[in-house]
Each structure stands twice: as C-alpha cells, then as structure tokens.
J.: 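I am attaching a structure below and will ask some questions about it afterwards.
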Amino acid sequence: MIIAANWKMNLNSDGAKELISALNKQLASWPDIQVVICPPSVYLRETRALADAVIRVGGQNCHEEIAGAYTGEISADMLVDCGASHVIIGHSERRLYAGEAGALLTGKVERAFAAGLQPIFCVGETLAQRQNGDERQVIATQLADIAVFLRAGHLPIIAYEPVWAIGTGRVASTSDIGDMHDFIKSECQRLIGPDADVGTDALPDILYGGSVKPDNAQAILSVPNVDGALVGGAALNAADFAAICDKAQTIETS
Ligand code: PGA
C-alpha cells in the first residue's frame, strides 16, 4: 500500500526536519507500506537527504516543458536532480487556482515519465458535479487525459480526491469511495483496451485523498480497490501521519 503525504505550501525547514526525523524512527513498523513525502520543492533536497532511503520523495507539480524561459516554474528534471522519484500532477488546487486541465496535464505527465518520475495523477469531482450526478462523467473525462500512457503500459498512480472532501473534514462514504475506485479501475481497463500492449492485470494503483485522518483511515483503506491514501492536513503532524501508516500496515498484515 502507498501512503503519500502532500505538504502543500506548509512547514518550514525546521518543521520539515522534525517531521522527517519522527517518521524515520517509526519506519520499521511499516515494512509493507511505501511512504512518499511531497514537500514544497524548496525543501525537496533536504527532505531527501534526511529521510531514510526507503522513503520516497516527490514534487507537488512540474512544468510541461523541458526547460526554458518559464519564470517561477520547476521542471521534472529539476525534481529528479533534487532527489524526487514521484510528482503529483493535476491536484485539484492546481486545477482550481492555476486552471490546469486537459492537454496541459497530459504534457506534464509525459514530461514526468520522460524524466523518470512516477506521476501521481489526481482526479476528482466538485460538490456541484456530484449533486448533479455527473461525477462519473467528470472522472472519465479527467482519466481520458492519461489514456495514452495507460495504453503504452506507463501507469501513473491515480489519486481519487473528491474536491469537496479536501481539507474540509468531510469524507466520502466508504460506499461512494468503493464505487468510484471500482469505476476508475474499470475505466482504466476500458481505456487500455483489449488490443493494447499491456496485460489485463496492469492497472494503476488508486489512492484515496480527502480528509484522511487516523480515525477514518482504517475504514477507507479497507475498501476494495483502495491501494493507499494521499494525505494533506494529517500529513503535517508526525503522530497523525504515523497513525495512518500504522492502520495501513495492519490492513496489509491482516
Ligand atoms: P486533505 O488533503 O487530506 O487535507 O484533505 C488531501 C489532498 O489535497 O491531497
């Protein structure tokens, strides 16, 4: 199971060090969990240096071009240079605040794969879209942006994050989560198609994200087709993040 931390624009150098040191000490309790930490990019290098080798680190975004006159942007190769192995792409906050969608995100995923990064591609519907009954259509449209990679056997990790559950304390019900994760798996299967050059068992891991906390992690991570979690707020506190990893490990060993 994969438990990924999205620190967003939080913490400072001291806070990052404190959090990583605390996690390093507990890692031995999670032999079956892949921990991925996505700090702000300015702390990537020090996070990589401090984190135990089994922890992966990732960026929170990358640019779709290799290099050039893009002030303020960060390339996939730069993330790799700073020790990243993963990168979050298409997070709902990027979709909302930076207008990212469609072909732009396809370009970012392409650049990430080309740099050797594992993309964590985020999808999710807004509350209005769910209330209108459009959630499956929305997710299908977002997944279509990565069809080309699925068909080529390059599998991004997918994070299903209902927008209305992110940072709000509202969590989707386990049946809604299960339904959507099943739908995403079958949609990926459909996009890959019968004649693609990958086996039918080559499907992406799907993480759930949106107010995952120690007290709901057990229920969420036990849902079939939930392969892990992308954790925001609760990842800023070592005890909370560790408690989520503990729950994940318990499920793996049960
Ligand atoms: P949250 O954030 O856990 O604070 O809801 C999750 C995310 O945005 O990835």
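Values reported hereafter were calculated over all heavy atoms of this structure, with side chains retained and with hydrogens, waters and symmetry mates removed. When a ligand or atom number is given, it counts from 1 through the structure's own listing order.
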J.: If the cut-off is 4.0 Å to any non-hydrogen atom of G210, which atoms of ligand 1 fall inside it?
T.: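 Listed by number with element, the hits are 5 (O).
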J.: By number and element, which atoms of ligand 1 are closer than 4.0 Å to a non-hydrogen atom of H91?
T.: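 Those atoms are 7 (C), 8 (O), 9 (O).
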J.: When you compare ligand 1 with G209, is there at least one nitrogen or oxygen pair between them that comes in under 3.5 angstrom?
T.: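 No: no nitrogen or oxygen of G209 is under 3.5 Å from one in ligand 1.
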J.: Measuring only between side-chain heavy atoms, which start at C-beta, is D227 closer than 4.5 Å to Q34?
T.: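 When only atoms from C-beta onward are counted, Q34 and D227 do not touch, as no gap falls below 4.5 Å.
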J.: Any side-chain donor-acceptor pair under 3.5 Å between T106 and E110?
T.: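 No donor-acceptor contact under 3.5 Å links the two side chains.
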J.: Record the part of N6 in heavy-atom contact with ligand 1 below 4.0 Å; permitted values are side chain, backbone, both and neither.
T.: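 Only the side chain of N6 comes within reach of ligand 1.
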J.: Is the NZ or CZ atom of R95 positioned over F121's six-membered ring, under 6.0 angstrom from the centre and within 45° of the axis?
T.: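 Judged by the rule, R95 and F121 form a cation-pi pair.
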J.: Q129 and T126: side-chain donor and acceptor closer than 3.5 Å?
T.: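 Yes, because at least one side-chain N or O of Q129 sits under 3.5 Å from a partner of the opposite role on T126.
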J.: Between A165 and ligand 1, find which residue part has any heavy-atom pair under 4.0 Å and reply side chain, backbone, both or neither.
T.: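 The backbone, only.
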J.: Does S211 come within less than 4.0 angstrom of ligand 1, counting non-hydrogen atoms of the residue?
T.: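 For ligand 1, residue contact (heavy atoms, under 4.0 Å) with S211 is present.
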J.: Considering only heavy atoms, which of Q60, E161, K213 lies nearest to atom 9 (O) of ligand 1?
T.: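 Among Q60, E161, K213, the closest heavy atom to atom 9 (O) of ligand 1 belongs to E161.
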J.: For atom 4 (O) of ligand 1, what is the nearest protein heavy atom, given as residue, atom name and distance?
T.: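 The protein heavy atom lying closest is G233 N, 2.8 Å.
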J.: Can you confirm whether Q249 sits close enough to C245 that some side-chain heavy atom of one is under 4.5 Å from a side-chain heavy atom of the other?
T.: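 When only atoms from C-beta onward are counted, C245 and Q249 do not touch, as no gap falls below 4.5 Å.
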J.: With distance as the sole criterion, is a donor-acceptor pair present between the side chains of N24 and D52 under 3.5 Å?
T.: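 Distance-only check fails for N24 and D52.
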J.: Can an N or O of G167 be found at a distance shorter than 3.5 Å from an N or O of ligand 1?
T.: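 For ligand 1, there is an N or O atom that lies under 3.5 Å from one belonging to G167.
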J.: If I apply the N/O under 3.5 Å rule, does T168 come out as touching ligand 1?
T.: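 N/O-N/O distance under 3.5 Å: no.
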J.: Which atoms form the tightest heavy-atom contact between V109 and P156, and what is the distance?
T.: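 Minimum heavy-atom contact is CG1-CG, 4.5 Å.
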J.: Salt bridge or not between R111 and E64? Use side-chain N to carboxylate O under 4.0 Å.
T.: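 Salt bridge flag = no for E64 with R111.
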J.: Output yes when the distance from some N or O of ligand 1 to some N or O of E93 is under 3.5 Å, and no in every other case.
T.: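 It does not: no N or O of E93 is found under 3.5 Å from an N or O of ligand 1.
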J.: Would G232 count as a polar contact of ligand 1, with the cut-off being nitrogen or oxygen pairs under 3.5 Å?
T.: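 By distance alone, the answer is yes.
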